[in-house]
Amino acid sequence: MAVELCLLLLLFCGSTISEVQPIYKPPPGTLDFGFVPAKTYDTGAYHEPGAIGILFKIVHAFLYLVQPNTFPQDLIRKLAQQQFGNTQGDYQKAIYYEIGFIVSAALGLLFILLLPLVGLCFCMCRCCDNCGGEMHQRQKKNADCQRSCFATFLFVASLIISVGVLCAYAANQHLTNQVRGAKKLVNSNFKDLKIFLNDTPAQIDYLVSQYNTTKDKALSDLNNVGSVLGIRVQEQLGKEVRPALDAALTMAGAIRETKEALENVSVSVEVLQEGTERLHANLTEVKMHLSNTLNDSACNAAQAASTCNIIKNSLGQLSINANFSGLPGVSSQLAKVNDVLKIDLSSLVQKGYAAFNDTPDLVVNQTRNILSDIKSVLESIGSNITTFTRALPVQKILADLMVHLTQTEAYVQDYFPLVEQYDFYRWLGCLILCCMLVLILVFYYLGLLCGTCGYDKHASPTTRGCISNTGGNFLMAGVGFSFLFSWVLMIVVVLTFVTGGNVEKLVCEPFEDKNLFKVLDTPYLLNKHWKNYLAGIIFKNPNVNLTFEKVYSDCKENKGIYTSLHLEHLFNINELLNISMYTEDVALKIEHIQINLSKIILLDEIGKENLLNFSSSGIDGIDFSAYLTEINKSVTKVDLLSFANDLEARADQLPKGALENALKGHANNIRMIHNQQVVPLEQAMSTLNQSIRLLKRTSSELMVKVKNVISAVNAAQNLINNNASQVIVQETKKYVDTIIGYFEQYTEWVKESISMEVAACKPIANVIDTAVDIFLCSYIADSVNTFWFGLGGSSMFLIPAIIFAVKLSKYYRRMDTEDVYDDTENGNNGYHKEHLYGIHNPVFTSSVEQW
């Protein structure tokens, strides 16, 4: 047990759980600690018996019939506590549990006592010419049927005995084969235990070394404090700062757009005024020429009069519709906006952006001294862990464990040849037992073979052949050896049955369903002063809830031995990675960070004044309705193209001549006016329309908009100047929690690794499984139980075989006397002889005298 304690000590430097719970725990970046180095264990603690497993199952079923009762936990506990018999019903319970074995053993003892006695009596009886000892065979009508039945029954019994012998031999050979192959399994277990010892310090070193991963991540965040804490502060402040600067930048763009719109309005109005005057003059001239043409004498003709009159009546439509001469100018507004644009507001806003974007650099510059102290603290944590780990006597413990393990392995290797030698003796003894039965079977089979082959139904009992007589002698030899060997065989059967059966029912089955562990875990069972024996051995504290069943189950699942044995009750290992004192130092130093952002100017007074000047530029005083009224009108009262097309169509209605040609010339002239003058005017009107509407939208509540922008900028600036410290404290706290979160991830990972990966105790469970489940139960108990099952079955069938062999031998052996019957009287059913080889035949004599 001291060796086991030393083995457990190896794990104490790897487990820790920080007891410091952060007030706020954001999800930090996930750290990749890799995989704990671990080698695969070779031992597979599972035995597949192969084809003989069918026999094992049959034996298990037979044992269940003999002993169907559940595992007697209470009786075993009382027996272990030396309290068995204190209660009146204990013996009754024990007898009730063992009743199947008791009855079976009693029958076996009767067999052992009675069969030799019966054999002795049978031998003496035959010596007195009784019990079939008289060499005389009375003839019966059904003699052939009886002989055939006896031969068949004996053959069947011999076959059953043969099957039993084969089962016993197979079990005997299986046990020997498993013992010879057990060395490989034993070596595999020792190899796994060595791997267990050798890998544990490497796993511990790996856990300790992964602190560097945590430290490097924390140092990386500290080295990039601008991109971590600075950006976080910037993001929080940016929720108000960026919208304010964006609004100011938008207003700067609106000023430029306003200037462009005013310039467009000024130019467009001038173009429209000049264009409409020129268009008006041209249209007046066209009307005059058309009027002169229509006053020609050709229009007085009957065919042209009506058409000419219609054209005359439509000449009034050739005039302009929109009047731009009365629109007010925007030169004063444009001049004020130009004055506003003398100051580049966009540049001022960009300076604010640049100053705000320098927040991470400000954080870096103002935290250099504190960060160096924090880095020193982190380095000291790593050095303390390394120093503490090196101070542990891990190598000495490992060396001692390896010495004990090597000595144990050498002891096993030295005594293994002795085990094989004794197993050879056992195998030879079991083989001799099987050979006893084989000898009996040989006599029976030879008797059946010689008797059957040498039997002549025409020969009289006194004239039977040598082969038939030899067959009968073989059968009687088999009977004699049956009486000689049967009681020896049954003694072995009873002893192995009681021993092997109880091992199966009291050890193997309870071990499989873990009832055996429940008995071992009974409080005060193994030590009357200890509630939990295992805890008392390991921790010297029997009140710790540590059970054999839980340890075995955890090791079976290949969990870490620290979890399996609850070593936290034995070793105070939180000191190794209990970084609470260090994280508190780190947190205090980070929380003392003072960051001054007052140097950030989002928008100076010049920019604000520039915005106010823009709001008072007068664009909201423009008469937009007057502009829109004229813009919504068409340039001319009638579409000149339509008018020209209509004029040309009416000219086609006139007779061919000068009038028609003149009107078509006027139509072309009107089209030219439309293309050269009306179209440019319409384009100018479109530009004017867009600019006026833009100015109208911009001027709508312009003063309110500007004040809102200025108020937002002032609020953001006030946040930076006065309330930024609160944001910085809040983000610094989150930053602290992120840094501490890395260490918490590390400790949680260490805990998980210690629980499931470090010093996985599967080899310990494998050793238990190998010793109990494989060696004791699968190799020994199953083989022994199958051996007595086959040997016992064969021994039991010796009884009917003896009876049938004795009966059958009478039909094969040569008799000294025989029955003689008259052929006429008895229908040739008997034999008729004048002499009987000089031997007195009382039956024959009486027949002659009567005759």
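Start at 1 with the first residue, then count along the sequence.
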side-chain hydrogen bond (donor to acceptor under 3.5 Å, both in side chains) partners of Lys351, counting only residues at least two apart: none
Without swapping roles, check the side chain of Ser686 against the backbone of Gln683 for a donor-acceptor pair under 3.5 Å. no
Kindly write out the residues that satisfy side-chain hydrogen bond (donor to acceptor under 3.5 Å, both in side chains) with His674, not counting sequence neighbours, or none if the list is empty. none
Test side-chain contact (heavy atoms from CB on, under 4.5 Å) applied to Asn282 - qualifying residues, sequence neighbours left out: Arg278, Glu285, Ile673, Gln677
Pairwise distance OG1(Thr563) to CD(Glu752) - rounded to 0.5 angstrom: 8.5 Å
Ignoring hydrogens and angles, tell me if any N or O in the side chain of Glu757 forms a donor-acceptor pair with the backbone of Gly560 under 3.5 Å. no
So, using side-chain contact (heavy atoms from CB on, under 4.5 Å) as the criterion, who are the partners of Gln676 when residues are at least two apart? Met672
Main-chain N/O of Asn714 paired with Asn718 side-chain donor or acceptor, under 3.5 Å: no
Just to verify, what does Arg697 make a side-chain contact (heavy atoms from CB on, under 4.5 Å) with, not counting sequence neighbours? Arg693, Leu694
Going from CG on Leu283 to CE on Met288, what distance comes out if it is rounded to the nearest 0.5 angstrom? 12.5 Å
Is there a donor-acceptor pair under 3.5 Å between the side chain of Asn645 and the backbone N or O of Leu641? yes
Once you round to the nearest 0.5 Å, how far does CG of Asn689 lie from CG of Asn632? 7.0 Å
Quick one: list whatever passes side-chain hydrogen bond (donor to acceptor under 3.5 Å, both in side chains) with Thr213, sequence neighbours left out. Gln210
By ring pair (Phe, Tyr, Trp, His ring centres under 6.0 Å), Phe33 pairs with (sequence neighbours left out) Tyr746, Trp749
Which distance, rounded to the nearest 0.5 Å, do you find between the CG of Leu31 and the NZ of Lys217? 7.0 Å
Asp639: partners by side-chain hydrogen bond (donor to acceptor under 3.5 Å, both in side chains), with sequence neighbours left out: Ser642
Strictly distance-based, threshold 3.5 Å: is any side-chain N or O of Asn669 a donor or acceptor partner for the main-chain N or O of Gly665? no
With sequence neighbours left out, the residues meeting side-chain contact (heavy atoms from CB on, under 4.5 Å) with Ala667 are Ala644, Leu647, Glu648, Arg671
